[in-house]
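Numbered from 1 within each chain, the chains take letters A, B, ... in sequence-line order. Values reported hereafter were calculated over all heavy atoms of this structure, with side chains retained and with hydrogens, waters and symmetry mates removed. Given the structure is predicted, the values throughout are model-derived calculations rather than measurements.
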Amino acid sequence: MPNITLPDGKKLSFDEKVTGKQIVEKISKSLAKEALIMSVDGNLKDLSFEIEKDSKVKILTSKDDDGLDTIRHDTAHILAMAVQELFPGTQVTIGPTIENGFYYDFARKEPFTESDLKKIETKMSEIVDRNETTYREVWERDKAITHFKKMGENYKAEIIQDIPKGEEISIYFHGKWHDLCRGPHLPSTGRIGKHFKLTKVAGAYWRGDSKNEMLQRIYGTSWASKKDLEDYLKRLEEAEKRDHRKLGKEMNLFHFREESPGAVFWHEKGWNLFQKLVNYMRKKQQVAGYKEINTPEILDRSLWEKSGHWEKFGTHMYTSQTPDEKIFAVKPMNCPGCVQVFNQGLKSYRDLPLKMSEFGKVHRYEPSGALHGLLRVRAFTQDDAHIFCTEDQITEQSLSITNLILEIYKDLGFENVILKYSDRPDLRVGSDAVWDKSEKALLEAVKETKLDYSINKGEGAFYGPKIEFVLRDAIGRDWQCGTLQVDLNLPERLGASYVEKDGSKKVPVMLHRALFGSLERFIGILIENYSGKLPFWICPLQTVVIPVSDEFDEYSKKVNKQLIDAGFSSEVDLKNHNLNYKIRDHSLSKVPILLICGKKEVDSNSVTIRRLDSNKQENIELKKFITIHQALNKAPSL
RNA sequence: GCCCUUGUAGCUCAGCUGGUAGAGCAAUUGAUUUGUAAUCAAUAGGUCCGCGGUUCGAAUCCGUGCGGGGGCACCA
């Protein structure tokens, strides 16, 4: 005789066990139409689930996250049904929901093509129209394994084998088609609607392990309404428009070419942007007490052997052989070089903490499939620093690094930052005692920041635990940028030491830290975050002076020179094109301010300014323009 | 690295089932002298990614290498 409590506190009582369907019919007809699944005492269940004891029940529709998620899950099932109807012999594996959609991995010899996706979508619509009823059965483990093996579904059989003993093995049926699944599911296939789309085919390793065979994954998206689907596809299109590879080309910032995959050819404007960022960081680091150094790009193999890189990182390192057959490695990290600078001359405890920064260009032989524009390259510049300190200083130094990083992100318009803390990986150097100590100190610093953080087990660097700084951009994407790593191994390996108060020698602790991480990656992120419309102070081309006709070329040149002298990145456009053409041209290349010069301006020693994305005209005295904009020509915090 | 896909002018792209390439923009030259998002005309521009094969004939078909894109794995 279950008593059912609804979210609004209302109670319904029944004489015998009751299903969600029966409950919802009692609540309202309109809700009955919308109902997809239900939550019973916090557990998601099918509407056909029979409730036997007193429970709190919430009926879920497509407006609830869990409801929408179930729609996606059902769409994945229907995808698998459709594929097996169209391509008999295809094995199903897993088909979970993901952000905004779902995927399903299949095992089949022949590849799926883009045109197959269309066919599959049509078949899926048919299945929705058939409105097959969903029902659930619980099977014995052995029966399930034998059954799926007999069907030729070896992957499913393997999955069932791995389900922990004692857990129910539930099989969901949509008509005749059935799949092992935890559920819950919608009452029938008609309920998912037709607001879905298959988006891409891709390879994916069975169980996510590159040692296993590769399956074929079909990705799709599914929504509660046609409008939601359209909005989502629009969002994808918008994101594509901000792609830094497209904008980089349009804005003439950089390019890539076959001779050096994953390495950037910076053009004048891109390099100007790059230098502006570097100069900005130099200033910030000076204020924070860093000393900038620079170390060689190519170092003898023996140093990398001593540091441990040769062994742990060798497959990612470029090496070079000299004519006399010596082997040098191109640095993949700056740390060994920096330790050698520390090692030069005697250091005292009074020198600590010693903060040495370096804009070091490193090379890493990344797997070809990992490369992605500026965001994943093989040659990049780190805004690196190494802080030599005592164990007692780790937490305090970590905090000051964190503050510096947050300040810098804020200057560039990123205020939404989360931390990821990673501890010891399987492949590592150093004793467990040393790891214990460094993990503890770093975690303490993480907690001190009071920022949100997550813990990633086993994802630390091979030489120490780390914090990663993840920032969220204008369209909600997360990017890992800054990093802070404790290193209790390398200083010892390379024989670093300082003289203690009592005259004894001690090995310092080293903190590795990068602010943006890679300048290249950060520039990619910046471009996408701002859709190319960068903040004025880092804009590689801030102003373009445009004469109304060639009669005013001389005046325009004079204006341009004054702007350059005043520290702006400026150009004058003397091409034989009309004003409209030039405004369009420079607007498309995202120049923030255009200065138009004609008779009126010459007469009053002024300029008429037009800002990007505005057609307002504003006449202003040149001197005044310069004063106002000079104040804007630096980072907010400087 | 693995799976799928792709590579034509500086850029964006067209070129059906094999018959030695075409547009728009950009560039150059000339005309035009322009007041807030494309002035007009002419000219020039290609080892159709490289290599090999099939064929009387290959941008087109096949093989292979390299690069790009989407994923997977990787992100030390």
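- Partner assigned to B:G1 is B:C72, using Watson-Crick or G-U wobble distances below 3.5 angstrom.
- Across the C1' atoms, B:G63 and B:C13 are found 28 Å apart, a figure rounded to whole Å.
- Formation of a donor-acceptor pair under 3.5 Å by the A:Arg610 side chain with backbone atoms of A:Leu594 is not found in this model.
- Comparing atom distances between the A:Glu258 side chain and each of B:G68, B:A38, B:C66 picks out B:C66 as nearest.
- Judged purely by distance below 3.5 Å, without hydrogens or angles, the side chains of A:Thr295 and A:Glu358 pair a donor atom with an acceptor atom.
- Classification of A:Glu238 and A:Arg235 as a salt-bridged pair fails, no side-chain N sitting under 4.0 Å from a carboxylate O.
- Residue A:Ala204 is classed as a sugar-phosphate contact, given heavy-atom separations below 4.0 Å to backbone atoms only.
- Residue A:Pro367 is in base contact, counting any heavy-atom pair closer than 4.0 Å across all strands shown.
- For A:Glu459 and B:A73, the CD to P distance is 12 Å, given to the nearest whole Å.
- With a 3.5 Å ceiling on both atom-pair distances, the Watson-Crick or G-U wobble partner of B:G52 is B:C62.
- Using the Watson-Crick or G-U wobble rule with both distances under 3.5 Å, B:G22 pairs with B:C13.
- Side chain to side chain, A:Glu520 and A:Thr381 meet the donor-acceptor criterion of an N or O pair below 3.5 Å.
- Among the protein residues, A:Ser549 comes within range of the nucleic acid bases, having at least one heavy atom under 4.0 Å from a base atom.
- Using a 4.0 Å heavy-atom criterion, one finds that A:Lys466 contacts the sugar-phosphate atoms exclusively.
- Counting non-hydrogen atoms under 4.0 angstrom, A:Asp550 reaches a base of the nucleic acid.
- Relative to the side chain of A:Thr608, the nucleotides B:U39, B:U36, B:A73 differ in distance, and B:U36 lies closest.
- Straight-line distance from the CH2 atom of A:Trp206 to the C1' atom of B:C3: 17 Å, rounded to whole Å.
- For the pair A:Arg521 and B:C75, the criterion of a side-chain N or O lying under 4.0 Å from OP1 or OP2 is not met.
- At the phosphate of B:G70, OP1 or OP2 sits under 4.0 Å from a side-chain N or O atom of A:His372.
- At least one side-chain nitrogen or oxygen of A:Ser368 sits closer than 4.0 Å to the OP1 or OP2 atom of B:G1.
- A salt bridge does not link A:Lys306 to A:Asp300: none of the charged nitrogens lies less than 4.0 Å from a carboxylate oxygen.
- At least one cation-pi condition fails for A:Arg472 and A:Phe414: the charged atom is not both under 6.0 angstrom from the six-membered ring centre and inside a 45 degree cone around its axis.
- Atom NZ in A:Lys575 sits roughly 14 Å away from atom C1' in B:C25 (whole-Å rounding).
- Contact annotation for A:Lys582: no contact, since no heavy-atom pair falls under 4.0 Å across all strands.
- Residue-level contact check: A:Asn576 touches the bases, meaning some heavy atom is under 4.0 Å from a base atom.
- Nucleic acid contact for A:Glu601: base, since at least one base atom lies under 4.0 Å from a heavy atom of the residue.
- Across all strands shown, nothing is found opposite B:U34 as a Watson-Crick or G-U wobble partner with both distances under 3.5 Å.
- Applying the 4.0 Å criterion to OP1 and OP2 of B:A26, one finds that A:Tyr581 has a side-chain N or O inside that range.
- Candidate nucleotides B:G67, B:C4, B:A37 were compared by shortest atom distance to the side chain of A:Ile583, and B:A37 ranks first.
- Within the 4.0 angstrom heavy-atom criterion, only backbone atoms of the sugar-phosphate kind lie near A:Arg217; the bases stay farther away.
- Of the residues A:Lys246, A:His244, A:Arg242, A:Arg245, the one that meets the side-chain hydrogen bond (donor to acceptor under 3.5 Å, both in side chains) test with A:Glu528 is A:His244.
- Contact of A:Arg207 with B:A73 (side chain to base): no donor-acceptor pair of N or O atoms is detected under 3.5 Å.
- Sequence order on RNA chain B of the closest nucleotides to A:Arg257 and A:Gln485 puts A:Arg257 first from the 5' end.
- In this structure, A:Asp573 places its CG atom 15 Å from C1' of B:G35, rounding to the nearest Å.
- When the nearest nucleotides of RNA chain B are assigned to A:Lys200 and A:Leu588 by heavy-atom distance, the more 5′-ward of the two goes with A:Leu588.
- Protein atom CG of A:Asp105 is 10 Å distant from nucleotide atom P of B:C72, rounded to whole Å.
- As judged by a 4.0 angstrom heavy-atom cut-off over every strand, A:Glu551 is placed among residues making no nucleic acid contact.
- For A:Phe265 and B:G67, the CZ to P distance is 14 Å, given to the nearest whole Å.
- Taking atom P in both B:G22 and B:A59, one finds a spacing of 14 Å when rounded to whole Å.
- OP1 or OP2 of B:U12 lies within a sub-4.0 Å distance of a side-chain N or O belonging to A:Lys249.
- Residue A:Arg376 contributes atom CZ, which lies 16 Å from atom C1' of B:G69 at whole-angstrom precision.
- Contacts of A:Thr315 with the nucleic acid, taken as non-hydrogen atoms under 4.0 Å apart, are absent.
- When heavy atoms are screened at a 4.0 angstrom cut-off, A:Tyr219 is found touching the sugar-phosphate backbone but no base atom.
- Taking atom P on both nucleotides, B:U39 is separated from B:A21 by 33 Å, rounded to a whole Å.
- Close to B:G70, at under 4.0 Å from its OP1 or OP2, lies a side-chain N or O of A:Arg245.
- On a pure distance criterion of 3.5 Å, a polar donor-acceptor pair joins the side chain of A:Tyr205 and the base of B:G1.
- Closest approach to the A:Asn580 side chain among B:C3, B:G67, B:A38 is made by B:A38 (side chain taken as heavy atoms from C-beta onward).
- When distances are taken from the side chain of A:Ala370 to each of B:G68, B:A73, B:G35, the shortest belongs to B:A73.
- At the heavy-atom level, A:Lys599 lies under 4.0 Å from base atoms of the strands shown.
- Comparing the same atom, C1', in B:G15 and in B:G53 gives a spacing of 24 Å after rounding to whole Å.
- Across the P atoms, B:A37 and B:A42 are found 27 Å apart, a figure rounded to whole Å.
- Electrostatic pairing of A:Lys623 and A:Glu621 does not count as a salt bridge here, judged by no charged N lying under 4.0 Å from a carboxylate O.
- Listed for the A:Glu153 side chain is a donor-acceptor partner under 3.5 Å among the backbone atoms of A:Val92.
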